[in-house]
Amino acid sequence: MKKLPGIFNDVIGPVMRGPSSSHTAASWRIARTGLDILNEPLKRALAEFDSDGAWAPNYREQGTAMGIAGGLLGLEIADERMKAAESYARQKEIEIGYQVSSFPTDHANTVRLTLWGITGKKVQIVAVSLGGGSFEIRSVNGFRVSLSGDLYEILIFTENKPDVSSELNPATPPGVEFSPEQRGL
């Protein structure tokens, strides 16, 4: 069942710490979802902003860094600690870095977020802010996806088994492989 619209989060705007729903709330939601995908305690993170994008010149001033750090730490969006999320991360010995890079994207508010867990597990997501706190994760570890946090999703990571789709979906004939374009490469 789809969640009914709420007056505060869907009509007026998301309940959040400011200054910007596109910068702060969406980046917080992207980070929280990325942390769920990592599925283990965080040790280190790198948030990269496309040098030609809108977030690159002002990710600190508009609250993007605060949103990412708060989301990665599991803080709630309106938590007072959001203002000091980066120092809170240092206290917890979690390294969070920010970098302006050049990478392919078709959206001005794009972040490439690489997360490392305490066991060394690494996950890289590319996500965009769609405005009003909405977001879309467009790739996970190089595979094209479309995740917006409004549905339950299952991601299966395998090693040494490039295509498990025929095992998961009996309609896919054995031996069928997906092209690089279908895999989002």
Side-chain angles (χ1 to χ4, degrees), residues 9-10 12-39 42-75 77 82-90 94-117 121-151 153 155 157 178-185:
N9 281 318
D10 299 305
I12 297 172
V15 174
M16 55 164 271
R17 172 158 302 287
S20 165
S21 60
S22 293
H23 291 257
T24 312
S27 64
W28 176 83
R29 290 174 173 160
I30 290 166
R32 287 289 295 257
T33 305
L35 198 56
D36 288 342
I37 293 169
L38 180 64
N39 195 33
L42 182 67
K43 181 66 180 164
R44 183 169 66 119
L46 174 63
E48 296 174 84
F49 306 105
D50 180 48
S51 57
D52 294 326
W55 278 356
N58 60 14
Y59 65 91
R60 290 217 181 269
E61 294 83 1
Q62 287 295 318
T64 308
M66 176 178 57
I68 288 172
L72 292 175
L73 293 169
L75 300 176
I77 191 71
M82 286 282 290
K83 294 183 282 190
E86 290 183 60
S87 77
Y88 184 54
R90 284 189 294 278
I94 296 173
E95 178 187 337
I96 302 174
Y98 303 92
Q99 182 175 314
V100 175
S101 303
S102 180
F103 55 92
T105 181
D106 62 354
H107 195 284
N109 291 342
T110 300
V111 62
R112 182 167 57 189
L113 187 59
T114 307
L115 308 175
W116 291 268
K121 179 180 178 183
K122 176 183 171 186
V123 170
Q124 184 176 76
I125 65 171
V126 175
V128 298
S129 167
L130 301 173
S134 298
F135 72 95
E136 180 184 30
I137 293 179
R138 294 190 168 173
S139 76
V140 176
N141 291 347
F143 288 91
R144 191 177 8 211
V145 297
S146 179
L147 307 173
S148 59
D150 59 347
L151 299 171
E153 306 279 350
L155 300 177
F157 297 93
F178 293 103
S179 71
E181 292 82 23
Q182 290 169 313
R183 292 192 332 250
L185 303 175

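For S101 against E48, the heavy-atom pair with the smallest separation is OG-OE1, 2.8 Å. Scanning all heavy atoms of the two residues, the minimum distance from G74 to R32 falls at O-NH1, 3.6 Å. Of all heavy-atom pairs between A47 and I68, the closest is CB-CD1, 3.8 Å. Listed here is the closest heavy atom pair of F103 and F49: CE2-C, 3.7 Å. Between A26 and S129, the closest heavy-atom pair is CB-OG, 3.4 Å.
Under a 3.5 Å cut-off, the side chain of Y88 and the backbone N or O of L73 do not form any donor-acceptor pair. Looking at D50, its side chain never comes within 3.5 Å of a backbone N or O of S102 through a donor-acceptor pair. Formation of a donor-acceptor pair under 3.5 Å by the W28 side chain with backbone atoms of L75 is found in this model.
Atom-to-atom distance recorded for I30:CD1 and L113:CG is 8.0 Å, nearest 0.5 angstrom. If you take CD1 on I125 and CZ on R112, they are separated by 12.0 Å, rounding to the nearest 0.5 Å.
Looking at T114 and Q99, their side chains never come closer than 4.5 Å, going by heavy atoms from C-beta outward. Annotation: side chain of L115 is not in contact with side chain of I37 (no heavy-atom distance under 4.5 Å). Side chains of I94 and L72 form no contact here, defined as non-hydrogen atoms less than 4.5 Å apart. Side-chain contact between N109 and V128 is absent, with no heavy-atom pair separated by less than 4.5 Å. For the pair L35 and L42, the minimum side-chain heavy-atom distance is below 4.5 Å.
In this structure, R29 fails the cation-pi test against F135, since its NZ or CZ atom is not both closer than 6.0 Å to the six-membered ring centre and inside 45 degrees of the ring normal.
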Stepwise side chain to side chain contact (heavy atoms under 4.5 Å, CB included) check, L38 with K121
CA-CA 8 Å; L38 180 64; K121 179 180 178 183; 4.1 Å; yes
